[in-house]
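Each remark here refers to the structure printed beneath this line.
Residue numbers start from 1 in every chain, and the chains themselves are labelled A, B, ... in the order their sequence lines are given, proteins ahead of strands. These numbers come from a predicted model, not from an experiment.
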Amino acid sequence: MTEGDLQKGYEPREVEARWYKYWEDQGVFAASDAEDDNRPTYHVPMPPPNVTGSLHMGHALRGTLEDALVRYHRMCGYNALWQPGIDHAGIATQTVVERQLLRAGVTRHELGRDEFIKRIWEWKAESGGRIALQQRVLGASADWARSKFTMDADMSRAVREAFVQLYESGLMYRATRLINWCPECQTALSDLEVDNEEGANGELFEFAYRVDGSDEQIVVATTRPETMLGDTAVAVHPDDPRYKHLHGKMLVHPFVDRLVPVICDAILVDPKFGTGAVKITPAHDFNDFAVGKRHGLAEINIFTSAGAINENGAQFQGLDRKRARTAVKHALDEKGLARGSKPHQLNLPRCQRSGGVVEPMISTQWFLSMKEMASAALDAVRTGKTQIIPAEWEKTYDHFLENIQDWCVSRQLWWGHQIPAWHGPNGEIRVARERPAECGADWVQDPDVLDTWFSSALWPFSTLGWPDKTAALAKFYPASDLETGYDILFFWVARMMMFGIHFTGKPPFKRVLLSGLIVDETGEKMSKVKGNVIDPLDLIYGASFSDIISKTLPGAPEAEALTKFRKAYPSTANMGGGFPAFGADAVRFTLATYPPSNKRIALTPKRIEGYRHFLNKIWNATRLGAELLGEFPAVPTKPARVTSLVNRWMLSRLHHTIATCHTAFDEYRIDEASLELYRFFWYDVCDWYLELVKPMLRAGVDPAVEETKATLAYVLESSYRLMHPLIPFITEELWQRFPKSTQAKSIVVAEYPRAENVPADPAAEAEMAMLQAIIVAARTIRSEHEVHPAAGVPLTIRCADARALEKLRAQSAAISLLAKTEGGVAPTFELADASSNKKARPAGSTVSVVATESGAVEVVVGLKGLVTAEKERARIDRELKKIEKDLAAIAKKLSSPSFVDKAPAEVVQEAHAQQKTLIEAQGRLVAAQELVSEL
RNA sequence: AGGCGCGUAGCUCAGUGGUAGAGCACUACCUUGACACGGUAGGGGUCGUUGGUUCAAUCCCAAUCGCGCCUACCA
């Protein structure tokens, strides 16, 4: 599986293809129900994607974060369960199959309910749930053997059980109310399934009603003229002087044989808006419905379920909504009642699924009483039994539950959980788990199905076997974390909270982790219309822009689609013909670097490329590591005793990185873990550690070779395990090739590094910081004078602190190596004193002064022939200016008596210490400046 | 209308009551036996605006401007 040498460059396609099957074959993702398994449990329910869906960036983000959490906990020794599944997605699925049938010229009604459902199951077997395979491409470590489909027999049983329990406790009831109706889907919708399109352009149309028995008129304004067919009153404000004389008068409906009263309603009517008179259509407007209830008005439904005018609409019967509007306006005009119109912006309620305009309709539906359950769900968060992270979402959660309306749960669909209620011949209703024996042949089951979110709300426990008391339920409920997008906080999270508490007595999770929504690089929502959708698989496998475009804007001219796409993703400008295969790991790592507080995550392909380079870096560091370790046989356990500065420093860095990762994962700051690992591996490990030990290990004569090999092996192997939750494929590949610290068959089940196993070494860190500062200073001088990287330079280090100087002298090999001294000879070390400030530097040399914890250190670089007096004067001036600026700031602080008196002692002391070092550095620079002329 | 949030380097974003950080982009030099998917060094920000609290504010408070999202909605 991992034979042969590592090739020069990292090729994700080649590496990633191999590991997923191995993991599944080895069963490393399986959680255990066994009673004798005493490990603590960690359970994350996966938000079940729609059976119609395919992987999009949102799934990729969810999948990355959840997988990282699950893999982290699994490696930390938890019995980790990531519960996967698929949602049956009522309307969406029904629509997909219906459309397919329509292409064959058949409607579902011609087919009949049973046959139609059979066809859906056939469709599902063939092409449904493909997303579960795509999630595997991403590396999702779910326990697939436990996967559930919300229409499975056991899931359906849980749904029926829940419904019956809710009915028996009086929370589930049937009522006739004004509800949201989608004429396109021909079903009721819950409030949450209605999206408001803001600022739609419409018009405010005015027309007159004649007052019965008089030639007076009253003018009303409306954005929906056709609904006047259902008007049963005109309301005015009781105090409005314009209409006082009309109170109680009747108006003549121009098309229907009906008199309509003028009523007074101070709640609804704003006398300043429009004409101050409002037509009232109780059967088709939520406000009007309330007015109707207050005044006992008739509710006249004027629409068919498909949104056409029904028999109550006089001569307009049969016209659909849009035509009816034109026709009514025209007819009013003919009668001389139209009073013109003006443009008006309004909000259009649209069906989330079909996009059709939602019609308020009076209808008999099943409702679920929410108040009690909502209050329990609120308490769970208030008392901290469930924690919402980031906490700013708590307010949104509270606001929703405090203002929640009863949930309309019935849907006039065929695909879904049919409501377990039976209607008798005389209007009786029986609710039961199975068809009751006493219900004869003349009883029919309620034809409606439940809102898809009803079964989703049971997800955290129905998947574990509820209502049975299973071992899985006992072990894994409540779940540990739920991770999802904030956009379904209401739809799903709040409802799971309510159902979880109601049915099990316990909130379903300890933490709810919310993440943002992925948008394009310019911050626009991804949508087909905008042509800015990116398929995560195209990022993983690579794709040409013309392929990408053919998916984003099918049918559009390629040039136009490409322009749109480029505009949405400016960073792709220099990416040639398309995305290279970034690989799942690079996509994951990129997504992991966005903090959860980001509501919108602007996907920047260039950023993925950057992290793809990081993976290449890890790959090549491993190649180097393998070379340096040679036939190194030891298993990388922590080196027993480490004496050299670089090794002590390296282990201390590792200690801090491990600690940071644990904190970050525990606090759901995966972004912080990612960035720390990036920083650690690239800078600490590659730029410094590997560069420092490379020549020594190649030479192989230094007495520290053995401990360095041990440290190197240990650090690399630990790094793979540290990074594995984020980038599982490459780390498995490299780890399998490396000497291992464990017998584990996969890094998936290897132990996550623990900080207490590696010592922190503050002294080594401080010493190394000084060393690094000196090396950087020397390199800066080289660079400023354009010394060729291969050329060596003579180097002198001067410092007034004898102990510091000795420490530096001990690192002379490191300084020679990284600052590149002439012929690799050791730098000259000089103890500085007052007189040495004036001591002449070698001709043609330049100096930099580094402020360290041990005072100012002079770094003198010999640059024969490269340095001129002017140039040197200028650079010393630059350094001086910087120091003077810093000194001025400190002096200002220290000269303020209130600072010295009131600031904490340590802050004042630190300022003094800084001042001292800076003054020393300043003195050296001034002296150096005076010597410039001698160059 | 109400709620929430955001405005920090050219771009995408971190961050902290004590003299500003990352990635990418940019500039210069360099193909050195892990890596040019690379190395070394560098330039770049009065942290939206105005007040206040504080010894000290980018960070806390208030106001203001701009932007985004959510909930509700005037016919």
Side-chain angles (χ1 to χ4, degrees), chain A residues 6 8-10 191 196 204-206 220-224 227 235 268-270 272-281 285-288 344 346-347 392-393 395-396 398-400 403 486-487 489-490 517 519 521-523 525 570-571 574 580 586 590 593-595 597-604 606-607 609-628 671-672 675 678-679 686-687 690-691 694 698 776 779-790 818 820 885-886 888-890 892-893 896-904 907-908 910-911 914:
Chain A
L6 291 173
K8 185 174 170 188
Y10 168 54
D191 300 341
N196 282 306
L204 200 57
F205 177 79
E206 295 191 351
V220 295
T222 179
T223 53
R224 306 182 56 204
T227 61
L268 177 80
V269 181
D270 172 4
K272 291 192 285 293
F273 187 91
T275 61
V278 187
K279 62 186 275 307
I280 303 296
T281 322
D285 182 284
F286 285 95
N287 285 312
D288 293 4
H344 182 71
L346 69 159
N347 297 333
E392 63 207 52
W393 289 107
K395 284 182 186 166
T396 311
D398 287 354
H399 184 262
F400 170 71
N403 297 288
Y486 68 81
D487 54 324
L489 181 61
F490 304 150
L517 262 33
V519 295
E521 206 175 323
T522 63
K525 229 172 178 167
S571 79
N574 296 318
T590 307
T593 59
Y594 291 94
S597 55
N598 258 26
K599 283 194 187 171
R600 335 192 88 220
I601 293 172
L603 185 72
T604 314
K606 198 72 186 160
R607 193 157 155 168
E609 187 181 81
Y611 290 121
R612 163 77 181 74
H613 294 169
F614 176 54
L615 301 181
N616 189 56
K617 191 76 180 174
I618 299 171
W619 184 267
N620 278 292
T622 302
R623 291 178 66 213
L624 176 62
E627 180 218 310
L628 296 177
D671 57 312
E672 290 187 344
L675 295 174
Y678 183 96
R679 195 206 57 70
C686 293
D687 289 352
L690 286 174
E691 291 304 327
K694 190 159 56 174
R698 281 194 177 129
V776 166
R779 296 209 284 214
T780 301
I781 290 174
R782 294 176 55 110
S783 177
E784 276 172 356
H785 294 283
E786 294 179 10
V787 177
H788 190 102
L818 295 186
K820 206 123 200 173
K885 194 183 143 213
D886 292 350
I890 292 179
K892 191 182 159 201
K893 235 194 234 181
S896 154
S898 46
F899 172 74
V900 182
D901 293 346
K902 294 187 180 173
V907 173
V908 178
E910 198 189 312
Q914 271 178 350

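On the C1' atoms, G38(B) is 40 Å away from C67(B), given to the nearest whole Å. To the nearest whole angstrom, the two P atoms, one in C60(B) and one in G17(B), are 9 Å apart. The gap from the P atom of A1(B) to that of U64(B) amounts to 13 Å, rounded to the nearest Å. The same atom, C1', is picked in C37(B) and in G21(B); the two are 25 Å apart, to the nearest Å. Atom P of U50(B) sits at a distance of 12 Å from the matching atom of C59(B), rounded to the whole Å. Taking atom C1' on both nucleotides, U27(B) is separated from A9(B) by 15 Å, rounded to a whole Å. Look at the C1' atom in both A63(B) and U71(B): the space between them is 26 Å, to the nearest Å. Using P as the reference atom, A75(B) and G7(B) are 34 Å apart when rounded to the nearest Å.
The ring pair (Phe, Tyr, Trp, His ring centres under 6.0 Å) test applied to F205(A) returns no partner, not counting sequence neighbours. With sequence neighbours excluded, the residues satisfying ring pair (Phe, Tyr, Trp, His ring centres under 6.0 Å) with Y10(A) are W619(A). By the side-chain contact (heavy atoms from CB on, under 4.5 Å) test, L517(A) pairs with Y486(A), D487(A), sequence neighbours left out. For D191(A), the side-chain contact (heavy atoms from CB on, under 4.5 Å) test picks out N180(A), Q405(A), with sequence neighbours left out. Looking at residues two or more places apart in sequence or on another chain, you find a side-chain contact (heavy atoms from CB on, under 4.5 Å) between R782(A) and V787(A), V793(A), K820(A). Under the side-chain contact (heavy atoms from CB on, under 4.5 Å) criterion, D687(A) pairs with W682(A), Y683(A), not counting sequence neighbours.
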| field | Sequence-aligned protein contact record of nucleotides 52-58 of chain B, with B where the base is within under 4.0 Å of a protein heavy atom and S where only the sugar-phosphate is | value | ---B---

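The P789(A) side chain lies nearest to C29(B) when the options are C29(B), C13(B), C35(B). With U19(B), A75(B), A36(B) as the choices, the nucleotide that has an atom nearest any side-chain atom of K893(A) turns out to be U19(B). Which of C37(B), C4(B), U19(B) sits closest to the side chain of K395(A) comes down to C4(B).
In this structure, the side chain of D288(A) engages the main chain of T281(A) through a donor-acceptor pair within 3.5 Å. In this structure, the side chain of E521(A) engages the main chain of S571(A) through a donor-acceptor pair within 3.5 Å. Looking at T604(A), its side chain does come within 3.5 Å of a backbone N or O of A602(A) through a donor-acceptor pair. Between the side chain of T622(A) and the backbone N or O of I618(A), at least one donor-acceptor pair lies under 3.5 Å.
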Enumerate all atom pairs, one protein N or O and one N or O from nucleotides 21-27 of chain B, separated by less than 3.5 Å.
| unit_1 | atom_1 | unit_2 | atom_2 | d |
| --- | --- | --- | --- | --- |
| G23(B) | OP1 | Y683(A) | OH | 2.2 |

Pairwise N/O distances under 3.5 Å, protein to nucleotides 67-73 of chain B:
| unit_1 | atom_1 | unit_2 | atom_2 | d |
| --- | --- | --- | --- | --- |
| C73(B) | O3' | N287(A) | ND2 | 2.9 |
| C73(B) | N3 | N347(A) | ND2 | 2.5 |
| C73(B) | N4 | N347(A) | ND2 | 2.4 |

Set out, line by line, the N/O atom pairs under 3.5 Å between protein and nucleotides 41-48 of chain B.
| unit_1 | atom_1 | unit_2 | atom_2 | d |
| --- | --- | --- | --- | --- |
| A41(B) | O3' | T780(A) | OG1 | 3.2 |
| A41(B) | O2' | S783(A) | OG | 3.3 |

| request: Convert the base pairs of RNA chain B into dot-bracket notation, remembering that pairs crossing earlier ones are written with [ ] and that bases paired across to another strand are shown as |; include only Watson-Crick or G-U pairs under 3.5 Å. | output: (((((((..((((.......)))).(((((.......))))).....(((((.......))))))))))))....

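Between P595(A) and N620(A), the one whose closest nucleotide on RNA chain B sits nearer the 5' end is P595(A).
Residue K617(A) places at least one side-chain N or O closer than 4.0 Å to OP1 or OP2 of G39(B).
Among residue pairs with one or both ends in residues 619-628 of chain A, those qualifying as salt bridge (Lys or Arg N to Asp or Glu O under 4.0 Å) are E627(A)-R698(A); sequence neighbours excluded.
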